[in-house]
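Worksheet: one structure, shown below.
Residue numbers start from 1 in every chain, and the chains themselves are labelled A, B, ... in the order their sequence lines are given, proteins ahead of strands. Predicted, not measured: the structure shown is a model, and the values here were computed from it.
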Protein chains: 2
Amino acid sequence: MYRDIIKKSGLSITTKRIALLSALDKAQRPVTIDELRNQMTDTMDTSTMYRSLKKLVDAGIVYQTDFRDGVSYFELQGDNHHHHVVCTECKSRKSIDMCVNKNFNKVEKDTGYTITNHIFELFGLCENCSS
Amino acid sequence: MYRDIIKKSGLSITTKRIALLSALDKAQRPVTIDELRNQMTDTMDTSTMYRSLKKLVDAGIVYQTDFRDGVSYFELQGDNHHHHVVCTECKSRKSIDMCVNKNFNKVEKDTGYTITNHIFELFGLCENCSS
DNA sequence: ATATAAATGCAAATTATTTGCAAATTAATT
DNA sequence: AATTAATTTGCAAATAATTTGCATTTATAT
């Protein structure tokens, strides 16, 4: 349940945030703020979306990423942890299972930072654009 | 030599681009467009910087990354390939040696994409901010 | 040398994201 | 349950990074 997910992070449980997670869940792919708003039945102010998403990202609940097209993308961090390849030409994307070893103990010991989340994306040319 | 690096990518060799690479080389850390312009002796229009950097990034010469503070960062892709940890609170950063296995053959086979570059960043709390 | 293609500067536009503040909602306390 | 304190939300406006069109200059290919 979304309430439990939010609660575990220490954030306040609000109807808007539940709606937000529900919309992200429905999308099942990285979406922009605009796409996200369209997915939502409930209305939600853009600034509120940004503020809430930031907290959910910092809490590790939402995956925020950057496909280098000037917009932030958000995706629900589910069990099927994954990343993407992006064509630098046509901007098409595919999901990939590959991930860096998620055990960040060594980095934490070396740097003193407590790692809560990460970003990993591959860029290149798709089959169409490389020919 | 910067000329050779540019040539190998098939881009035109211009004084501006050489100045750009030289400035990135001097910086030896991820820099924003503004920081980069300050490093440069030669003047260069902002739009030109963006356009040239995009090509250098696509060519795999420059590493472009995103620390989630609304600005793009650029760093010369040298021999010392590395990534970073970023504090989500105070925005402080450290370099780390850790990288995903750079052998992307399996991904290329699975997706049909030709991988030219990637982004990988860790986010969390630094020692100060976690206490 | 000449022609073609690519890169540059300028000025203006676009658009994602942030901020301040008052009202509303949620969490904590008695 | 009722009250207080803390957090969240909406609104409107501001901020600032990035992009675009076009004419000119510079680099590459013939």
Requested in this report: Please check if atom CG in A/D45 has more than 12 non-hydrogen atoms from other residues, nucleotides or ligands closer than 6.0 Å.
Outcome: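 More than 12 heavy atoms, drawn from other residues, nucleotides or ligands, come within 6.0 Å of this atom.
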Requested in this report: Could you tell me whether A/K91 atom NZ has more than 12 heavy atoms of other residues or ligands within 6.0 Å of it?
Outcome: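 Check passes, neighbour count above 12.
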Check the side chains of [Y] and [X] for a donor-acceptor pair under 3.5 angstrom, ignoring hydrogens and angles.
X: B/Y63; Y: B/H83; result: yes
X: A/T32; Y: A/D34; result: no
X: B/Y50; Y: B/S72; result: no

Report task. Just call it for B/T14: base, sugar-phosphate, or nothing, with non-hydrogen atoms closer than 4.0 Å on any strand. Result ->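 Sugar-phosphate: the residue B/T14, judged by heavy atoms under 4.0 Å, touches backbone atoms but no base.
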Query raised in the report: Which is true for A/K55 with a 4.0 Å heavy-atom rule: it touches a base, it touches only sugar-phosphate, or it touches nothing?
Result: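 Answer is sugar-phosphate: A/K55 comes under 4.0 Å of backbone atoms only.
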Could you tell me whether a side-chain N or O of [X] sits under 3.5 Å from a main-chain N or O of [Y], the two making a donor and an acceptor?
X: A/D110; Y: B/I96; answer: no
X: B/E108; Y: B/T114; answer: no
X: B/K7; Y: B/S12; answer: no
X: A/R17; Y: A/S52; answer: no

Query raised in the report: Does a nitrogen or oxygen in the side chain of B/S47 sit under 4.0 Å from OP1 or OP2 of C/dG9?
Result: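 Result: no.
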Query raised in the report: Where along residues 31-46 of chain B does a heavy atom come under 4.0 Å from DNA chain C, residue by residue in number order?
Result: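 When residues 31-46 of chain B is checked for heavy atoms under 4.0 Å from DNA chain C, the hits, listed by number, are B/T43, B/M44, B/D45.
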Requested in this report: Scan residues 56-69 of chain A against DNA chain C and write down, sorted by residue number, each residue with any heavy atom closer than 4.0 Å; if none is found, say none.
Outcome: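 Here the set is empty: none.
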**Report entry** DNA chain D: 5'-most and 3'-most nucleotides touching chain B, 4.0 angstrom heavy-atom criterion
**Finding:**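 Answer, 5' to 3': D/dA17 to D/dT28.
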Rounded off to whole Å, could you give me the [atom1]-to-[atom2] distance for the [X] and [N] pair?
X: A/I6; N: C/dT25; atom1: CD1; atom2: C1'; answer: 14 Å
X: A/R3; N: C/dT25; atom1: CZ; atom2: P; answer: 15 Å
X: B/I13; N: C/dA7; atom1: CD1; atom2: C1'; answer: 13 Å
X: B/L53; N: C/dT8; atom1: CG; atom2: C1'; answer: 14 Å

Query raised in the report: Relative to the ring of A/F120, is the ring of B/F120 parallel (under 30°), tilted (30 to 60°) or perpendicular (over 60°)?
Result: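 Geometry flag for A/F120 against B/F120: perpendicular rings.
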Query raised in the report: Want to settle it: does B/R51 or B/S12 sit nearer the 5' end of DNA chain D, counting the closest nucleotide to each?
Result: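 The residue whose closest nucleotide sits nearer the 5' end is B/R51.
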Query - Criterion salt bridge (Lys or Arg N to Asp or Glu O under 4.0 Å) on A/D58 and A/K54, from CA distance to verdict - result: CA-CA 6 Å; A/D58 287 350; A/K54 180 173 172 28; 3.4 Å; yes
